[in-house]
Amino acid sequence: MRHCINCCIQLFPDDAHRQRAGGREGPRPGRQEGPACQGEDKIVFCVDGKQMNLLAVLEVRAEGSESWGGLLRFRKGKRCSLVFGLIIMTLVTASYILSGAHQELLIASPFRYGPFPSNPGWVDGESPAEAREPHHQPPVSNISYVKDYPSVRLIISSIAARIEFTTRQLPDADDLRKQESHMFSVIPSKFLPSSKNPCWYEEFAGRNTSDPYLTNSYALYSKRFRSTFDALRKAFWRHLAHAGGRHYRLRCLPGFYIIGQPKCGTTDLYDRLRLHPEVKFSAIKEPHWWTRKRFGIVRLRDGLRDRYPVEDYLDLFDLAAHQIHQGLQAGSAQGHGKMSRIMIGEASASTMWDNNAWTFFYDNSSDGEPPFLTQDFIHAFQPDAKLIVMLRDPVERLYSDYLYFASSNKSADDFHDKVTEALQLFENCMLDYSLRACVYNNTLSNALPVRLQVGLYAVYLLDWLTVFRKEQFLVLRLEDHASDVKHTMHRVFQFLSLGPLSEKQEALMTKSPASNARRPEDRSLGPMWPVTQRILRDFYEPFNARLAQVLADEAFTWRET
């Protein structure tokens, strides 16, 4: 809550004093009758932004004869100066007391003061000039954030003392089948050996006039995807296999997933990788099926809708399936089975971390921890799936995430407030629950003003490693990708066993500008405050250390970032 103290000071002109000194009464010049003073001669004290009406009118009255007027004016002038100074000091002190963590002192005309040395950027030893120039730091009149650091550090220490990276208990295969019986009835346990992806043929009972995408939820709920499904309809019938009077369609799941994390360069990696002729992605860049759509979550703020069946998800890979089918048919016609080199990918950045829906569907929780995670179901069908993870300094990731998703009132000040609030909420959870329970806590996730938990990479990766082998992961850093795109892409090609590119293809892939970069209006806001950065580095440090240990790479501590 913000409070403002308005102190309006009206000084009388000398001729008015001379009139009163002669004993003549008259209207007082400049006297205001009302809740606030008008004009320029005022001092505004803002405490947390809310006005508190405090009207102080200082009048210097001269009494007695004209001969004593000069002396009286001199003595009273000194006293008024002293009183005026005491009032200023009192109000300044009051503003600091009342404001708590949000103090502002706004000095209006005719007084001009230089900026107070309260910019949080100076806490690390920077001079005011250094804080302004390289960081483009806006002037901030709020010293309390630096003062708050010791108390916030206590919260971080409390969280760190409770961090325990325990191994989760894996669910039983029968329990997985019970939870998703329809999915298990659609996806077979064995796939075609001639495809690098999990593909299989299933019978299509419709006629050539049938619309196979009539009930697809992706097409129904989003106008953006209608043109995509129109193209699929036109190509559908000629890509069916026909045998014994029956029609069969090729169904495929992706052979690899870019599973995370958001604001870590996954869009840029996706845009470059899709230029490779052997890579085919889903018709929609981020289906979010495993984490959201299969539970009926379209937009988190809208609650639950009808669940998207697995058939709707499989439809998204029909373009790739058509191309694979053509290759398989051509190989059969030539009398030899040729392995299709096409690799299907999916790039939902929520796959690695988002398990918010579990509380609505899984009631056999153990101490607040989800009994099933997304990776359990992916592994049940695709134990050999390849998984790509793109990570970024979690401190910078959080600020980028805030700038991208916050709709209004974005500022370094607001970001700092939200970070400290999020840390307090996370600590409150850790006082009663395990680390894993808090990371996957849907109520906490919805309450956090910034997505603090998304940067806890070690927690998520360790849980994925309970079901997948380490060699099935390629973990990249955005910082390395940004500095050497060509090297990163070659690592991806090798990981996915993709063929080499021509020089022209490689130049097109590696020299194109970065995708999904920060918007100009967000760049104009400048960086976060150094004190906020310091707080976040303290918070993420033990998680980064564990991540670096798991990956045997100190670069994932981000200590030199």
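Quick note: numbers below take in every heavy atom, side chains included, and nothing from hydrogens, waters or symmetry partners.
- In terms of heavy atoms, Leu536 sits closest to Val419 at CD2-CG1, 3.6 Å.
- Relative orientation of the Phe556 and Trp558 rings is perpendicular, given thresholds of 30° and 60° on the angle between their planes.
- For Gln472 (side chain) and Ala385 (main-chain N/O), a donor-acceptor pair under 3.5 Å exists by modelled atom type.
- A side-chain donor from one of Tyr257 and Gln382 sits under 3.5 Å from a side-chain acceptor of the other.
- In this structure, Arg491 has no salt bridge (Lys or Arg N to Asp or Glu O under 4.0 Å) partners at least two apart in sequence or on a different chain.
- For Gln261 (side chain) and Val454 (main-chain N/O), a donor-acceptor pair under 3.5 Å exists by modelled atom type.
- A distance-only check finds a donor-acceptor pair linking the side chain of Ser348 to the backbone of His288 [under 3.5 Å].
- Cation-pi check for Lys386 over Phe495 is met; the charged atom lies under 6.0 angstrom from the ring centroid and within 45 degrees of its normal.
- Applying the salt bridge (Lys or Arg N to Asp or Glu O under 4.0 Å) rule to Arg307 yields the partners Glu180; only residues at least two apart in sequence or on another chain are considered.
- Between Leu547 and Val475 there is no side-chain heavy-atom pair separated by less than 4.5 Å.
- Donor-acceptor pairing under 3.5 Å is recorded for the side chains of His182 and Glu311.
- Here the shortest heavy-atom pairing between Asp393 and Glu479 reads N-OE2, 2.9 Å.
- Between the side chain of Asn197 and the main chain of Cys199, no donor-acceptor pair closer than 3.5 Å is present.
- One distance of note links CG of Leu435 with OH of Tyr433; it measures 14.5 Å at 0.5 Å rounding.
- Rounding to the nearest 0.5 Å places CE of Met352 at 13.5 Å from CD1 of Ile258.
- Side-chain atoms of Arg177 do not come within 3.5 Å of backbone N or O of Phe184 as any donor-acceptor pair.
- Donor-acceptor pairing under 3.5 Å is recorded for the side chains of Tyr440 and Asp463.
- Not counting sequence neighbours, Lys196 has no partner by the salt bridge (Lys or Arg N to Asp or Glu O under 4.0 Å) test.
- Within the model, atoms CD1 of Ile342 and NZ of Lys280 stand 6.0 Å from one another, a figure rounded to the nearest 0.5 Å.
- Here the closest non-hydrogen pair linking Leu176 and Pro171 is CD2-CG, 4.0 Å.
- Checking each of Tyr308, Trp290, Trp289 against Tyr313 for a side-chain hydrogen bond (donor to acceptor under 3.5 Å, both in side chains) leaves exactly one that passes, namely Trp290.
- Comment: Asp271 does not engage Lys285 in a salt bridge, judged by the lack of any side-chain N to carboxylate O separation of less than 4.0 angstrom.
- Side-chain atoms of Thr374 and Asn355 form a donor-acceptor pair, as typed in the model, at a separation below 3.5 Å.
- Taking the six-membered ring where the residue is Trp, the centroids of Phe539 and Phe543 are separated by under 6.0 Å.
- Residue Asp172 places its CG atom among more than 12 non-hydrogen atoms of other residues, nucleotides or ligands, all under 6.0 Å distant.
- Note that CE of Met390 and CZ of Arg477 are 11.0 Å apart. Values are rounded to the nearest 0.5 Å.
- Taking the six-membered ring for Trp and thresholds of 30 and 60 degrees, Tyr201 and His325 have ring planes more than 60 degrees apart, a perpendicular arrangement.
- By the 4.0 Å N-to-carboxylate-O rule, Lys410 lies too far from Asp414 to be salt-bridged with it.
- Closest non-hydrogen pair, Ile324 versus Cys252, comes out as CD1-SG, 4.2 Å.
- Residues satisfying the side chain to side chain donor-acceptor pair (under 3.5 Å) criterion with Lys470, sequence neighbours excluded, are absent altogether.
- Atom OH of residue Tyr402 and atom NZ of residue Lys418 lie 5.5 Å apart, to the nearest 0.5 angstrom.
- In this structure, Cys264 and Leu478 approach most closely via the heavy-atom pair O-CB, 3.5 Å.
- Between Pro277 and Leu501, the closest side-chain pair of non-hydrogen atoms falls below 4.5 Å.
- Applying the salt bridge (Lys or Arg N to Asp or Glu O under 4.0 Å) rule to Arg451 yields the partners Asp401; only residues at least two apart in sequence or on another chain are considered.
- Between His379 and the choices Trp464, Phe372, Phe468, the ring pair (Phe, Tyr, Trp, His ring centres under 6.0 Å) rule is met once, by Phe468.
- Considering only heavy atoms from C-beta on, Leu461 comes within 4.5 Å of Leu551 through its side chain.
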- Any chance you could lay out the side chain to side chain contact (heavy atoms under 4.5 Å, CB included) test for Met489 and Leu273, step after step, and finish with the verdict? CA-CA 8 Å; Met489 299 313 298; Leu273 191 53; 4.2 Å; yes
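- With contacts defined as side-chain heavy-atom distances shorter than 4.5 Å, the pair Phe473/Ile388 does not qualify.
- Annotation: cation-pi geometry not satisfied between Arg397 and Tyr457 (NZ/CZ under 6.0 angstrom from ring centroid, within 45° of ring axis).
- With hydrogens and angles ignored, the 3.5 Å screen pairs no side-chain donor or acceptor of Ser181 with any backbone N or O of Lys178.
- Checked by atom type and distance alone, the side chain of Thr420 pairs as donor or acceptor with a backbone atom of His416 at under 3.5 Å.
- Taking the six-membered ring for Trp and the full ring otherwise, Tyr270 and Phe281 have centroids separated by under 6.0 Å.
- Within the 3.5 Å criterion, the main-chain N or O of Asp312 finds a donor-acceptor partner in the side chain of Asn216.
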- Query: Is there a side chain to side chain contact (heavy atoms under 4.5 Å, CB included) between Glu164 and Arg436 once you walk through the steps?
  - Reply: CA-CA 9 Å; Glu164 188 177 0; Arg436 181 178 293 107; over 6 Å; no
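- Listed for the Arg305 side chain is no donor-acceptor partner under 3.5 Å among the backbone atoms of Gly296.
- At least one donor-acceptor pair closer than 3.5 Å links the side chain of Asp354 to the backbone N or O of Asn356.
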- What's the verdict on side chain to side chain contact (heavy atoms under 4.5 Å, CB included) for Phe405 and Val450, showing C-alpha distance, side-chain angles and the deciding distance? CA-CA 9 Å; Phe405 290 105; Val450 288; over 6 Å; no
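- Looking only at side-chain heavy atoms (C-beta outward), Gln453 and Leu444 stay at 4.5 Å or farther from each other.
- Of the inter-residue distances, the one linking Asp376 atom CG with Asp175 atom CG reads 10.5 Å to the nearest 0.5 angstrom.
- Taking every heavy atom of both residues into account, Val279 and Leu498 meet most closely at CG2-CD1, 3.6 Å.
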Side chains of residues 152-162: which donor-acceptor partners sit under 3.5 Å, not counting sequence neighbours?
from, atom 1, to, atom 2, distance (Å)
Arg153, NE, Asp538, OD2, 3.4
Arg153, NH1, Ser157, OG, 3.0
Ser157, OG, Arg153, O, 3.0
Ser158, OG, Arg162, NH1, 2.8
Ser158, OG, Glu427, OE2, 3.0
Arg162, NH1, Ser158, O, 2.9

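- A salt bridge between Asp315 and Arg251 is present, with a side-chain N of the basic residue lying under 4.0 Å from a carboxylate O of the acidic one.
- Residues Glu286 and Ser350 form no side-chain contact, since every pair of their non-hydrogen atoms from C-beta on lies 4.5 Å or further apart.
- Glu471 CD: more than 12 foreign heavy atoms inside a 6.0 Å radius.
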